[in-house]
Amino acid sequence: MASTPELAGAVSSVAPDRTLLERARLFVLLGGLTAFGPLSIDMYLPALPAIGRDLAASESVIQLTLTACLVGLALGQIVAGPLSDRLGRRRPLLIGVAGYVLASLLCATAPAAPVLVAFRLLQGLAGAAGIVIARAIVRDLYVGSAAARYFSRLVLIMGLAPILAPVIGAQILRFTSWHGVFLTLAFIAALLWLGAAVALPETLPAARRSDGGLLGTLATFRALLADTRFIGYALSGGLAFGAMFAYISGSPFVLQGIYRVSPQTFSLIFGINALGFVVTSQINGSLVGRIHPARLLVAGLIMAASAGVALLLIVLIGGLGLAAVLPPLFFLVSSVGFIVPNATALALSRRPNAAGTGSALLGVIQSGVGAAGAPLVGVAGLSSALPMAAVIAVSGSGAILAFFLTSAVATRRDRTIAASPPA
């Protein structure tokens with residue numbers, strides 16, 4: 001049997017050839033690109049109620065702007081990931097980031113909720129290039145535990161986005177309207193485009209690029225979908241992300257509408273929870289060289305499922321107040337620091353020669369689960385936190401169930417193959 005790629009810790013020859021300053025600059029740039037998702041979602045969360053009032057739309061309709069962005073992120077990754085396997089990483093990335101700048105400017109001018117939903121879809125489509133290609137670049141440079149460690153370190157930057165974005169968004173609302181939030185997103189993306197144009201190296205040499213065209217891309221997708229372990233890593237990570245996204249999309253209305261916290265207090269709560277995410281990801285990065293990434297992934301999944309069930313019970317009991325709701329939300333968000341880096345590294349290790357396509361499918365599953373759950377958390381409006389709690393509990397429990405079921409199926413298949421006589 002071939003050596004297990006998940007256990008490898010070597011790095012490719014690309015990373016050591018660069019100076020410390022170049023590696024630090026690349027690290028910051030990749031962190032900024034992977035933060036496209038949190039920036040696109042979290043910065044305007046404090047403005048959701050105001051957008052609803054300004055555009056005369058219900059909570060569920062306004063939450064569709066979140067869903068549209070996630071759908072765009074999913075579809076965009078399907079295109080950008082395989083393209084980066086064929087054309088290299090730089091060109092598709094620069095085109096995508098430039099498109100994000102334009103889409104953000106369009107969002108700032110949206111005159112009605114349906115128009116904003118459409119522009120948010122475009123924003124997600126363009127922003128997907130930064131997310132999917134950044135993951136592929138890491139896989140170009142690092143493998144196995146080294147990749148999991150690098151993804152954990154990237155969360156230090158990516159985690160600053162949900163900490164700072166709602167705070168920045170809330171402060172912007174003090175001086176201007178929600179339109180200013182999207183103008184700020186356009187400005188940040190323009191800076192990232194400039195940084196990528198100047199400092200981003202091409203990490204996929206021509207000799208390693210895919211030349212199979214559309215049929216080759218479809219064949220790679222089929223191979224990944226048939227890989228039970230890849231599906232297990234992707235589903236468990238995607239469902240855990242879905243639980244966190246239910247919190248992201250529902251908490252502005254639950255905390256501000258039901259528990260009556262101010263936009264500034266909400267941004268503080270959101271930032272504290274995101275800080276837990278950053279801390280656990282750094283703990284994960286310190287442990288991943290000594291503990292198998294799959295074991296750390298399981299620990300995070302148990303944490304997420306427990307937090308989801310606890311939150312649901314608290315809401316069902318009722319009358320326990322804000323102080324009872326906050327701890328399970330904190331542990332839910334913190335659990336993702338163990339789940340995302342390990343699920344991503346383990347999934348991408350299954351098909352190292354098609355990191356862009358694998359990263360795309362991983363992102364599609366993650367974004368698709370989040371997009372499916374987002375509208376459900378708002379079905380009760382401002383009258384109950386039960387929909388949000390139920391989606392979080394079901395997603396968190398489903399994540400750990402998906403991991404163990406796919407692991408059991410893959411292990412049984414491996415044993416069957418090993419026991420079969422040679423042809």
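No hydrogens, no waters, no symmetry mates; every other heavy atom, side chains included, goes into these values. What you are looking at is a predicted structure, and each value in this text was computed from that prediction instead of being measured.
Annotation: side chain of Leu296 is in contact with side chain of Leu287 (closest heavy-atom distance under 4.5 Å). By the 4.5 Å heavy-atom criterion applied to side chains, Glu202 and Leu204 are counted as neighbours. Counting heavy atoms from C-beta on, the side chains of Phe404 and Leu301 never come closer than 4.5 Å. Here the side chains of His292 and Leu346 are in contact, with some heavy-atom distance below 4.5 Å. The shortest side-chain heavy-atom distance between Leu297 and Phe403 falls under the 4.5 Å cut-off. When side chains are defined from C-beta on, Asp227 does not count as touching Ile231, because their heavy atoms never get closer than 4.5 Å. Counting heavy atoms from C-beta on, the side chains of Cys107 and Leu116 come closer than 4.5 Å. Side-chain atoms of Ile62 and Val117, non-hydrogen and from C-beta on, never get closer than 4.5 Å to each other.
The two residues Ala246 and Val391 come nearest to each other via the heavy atoms CB-CG1, 3.5 Å. Ser104 and Gln123 make their closest contact through OG-NE2, 2.9 Å (heavy atoms, listed as atom of the first residue, atom of the second, distance). Tyr150 and Leu30 get closest at one heavy-atom pair: OH-CD1, 4.0 Å. Annotation for Ala103 and Leu122: closest pair CB-C, 3.9 Å, computed over non-hydrogen atoms. Scanning all heavy atoms of the two residues, the minimum distance from Ser236 to Ile339 falls at O-CG2, 4.5 Å. Heavy atoms only, all atoms of each residue included: Ser359 and Gln77 are closest at O-OE1, 3.7 Å.
Side-chain atoms of Trp193 come within 3.5 Å of backbone N or O of Leu94 as a donor-acceptor pair. With Arg25 contributing its side chain and Gly195 its backbone, the two residues share no donor-acceptor pair below 3.5 Å. In this structure a side-chain-to-backbone donor-acceptor pair under 3.5 Å is present from Ser334 to Phe330. Checked by atom type and distance alone, the side chain of Asn284 never pairs as donor or acceptor with a backbone atom of Thr280 at under 3.5 Å. Within the 3.5 Å criterion, the main-chain N or O of Pro341 finds no donor-acceptor partner in the side chain of Thr344. A side-chain donor-acceptor contact under 3.5 Å links Ser84 to the backbone of Gly81. Between the side chain of Asp85 and the backbone N or O of Thr357, at least one donor-acceptor pair lies under 3.5 Å.
The CG atom of Leu121 lies 9.5 Å from the CG atom of Leu73; values are rounded to the nearest 0.5 Å. Taking CZ of Arg222 as the start and CG of Leu224 as the end, the distance is 11.5 Å to the nearest 0.5 Å. Between the OH atom in Tyr233 and the OG atom in Ser407 there is a gap of 6.5 Å [rounded to 0.5 Å]. Residue Leu29 holds its CG atom at 7.5 Å from CD1 of Ile137, rounded to the nearest 0.5 Å. Going from atom CG of Leu200 over to atom CZ of Arg90 covers 6.0 Å, rounded to the nearest 0.5 Å. Rounding to the nearest 0.5 Å places OG of Ser395 at 12.0 Å from CE of Met244.
Residues that satisfy the side-chain contact (heavy atoms from CB on, under 4.5 Å) test with Ala393, not counting sequence neighbours, are Leu312. Listed by chain and number, the residues in a salt bridge (charged side-chain N to carboxylate O under 4.0 Å, His left out) with Arg120 amount to none (sequence neighbours excluded). Under the side-chain contact (heavy atoms from CB on, under 4.5 Å) criterion, Ser286 pairs with Arg153, sequence neighbours left out.
Taking the centre of each ring, Phe119 and Phe182 stay at or above the 6.0 Å mark. A distance below 6.0 Å separates the ring centres of Tyr247 and Phe270.
Shown here is Phe221, whose CZ atom has more than 12 heavy atoms of other residues, nucleotides or ligands within 6.0 Å.
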Original post:
Do Ser397 and Val309 pass the side-chain contact (heavy atoms from CB on, under 4.5 Å) test, and can you show the C-alpha distance, the side-chain angles, and the key distance before you say yes or no?
Top reply: CA-CA 8 Å; Ser397 300; Val309 172; 3.9 Å; yes
Original post:
Would Leu361 and Leu225 satisfy side-chain contact (heavy atoms from CB on, under 4.5 Å), going step by step from the backbone distance to the final call?
Top reply: CA-CA 9 Å; Leu361 185 54; Leu225 290 171; 3.9 Å; yes
**OP:** Apply the test side-chain contact (heavy atoms from CB on, under 4.5 Å) to residues Ile392 and Leu329: give CA-CA distance (whole Å), side-chain angles for both, the deciding distance (0.1 Å), then the verdict.
**Re:** CA-CA 9 Å; Ile392 289 174; Leu329 290 178; 4.3 Å; yes
Subject >> Worked check of side-chain contact (heavy atoms from CB on, under 4.5 Å) between Leu26 and Leu141 >> reply: CA-CA 11 Å; Leu26 178 63; Leu141 302 177; 3.8 Å; yes
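Of the N and O atoms on the side chains of Tyr100 and Ser40, at least one donor lies less than 3.5 Å from an acceptor on the other residue. A side-chain N or O of Tyr44 and one of Thr65 form a donor-acceptor pair less than 3.5 Å apart.
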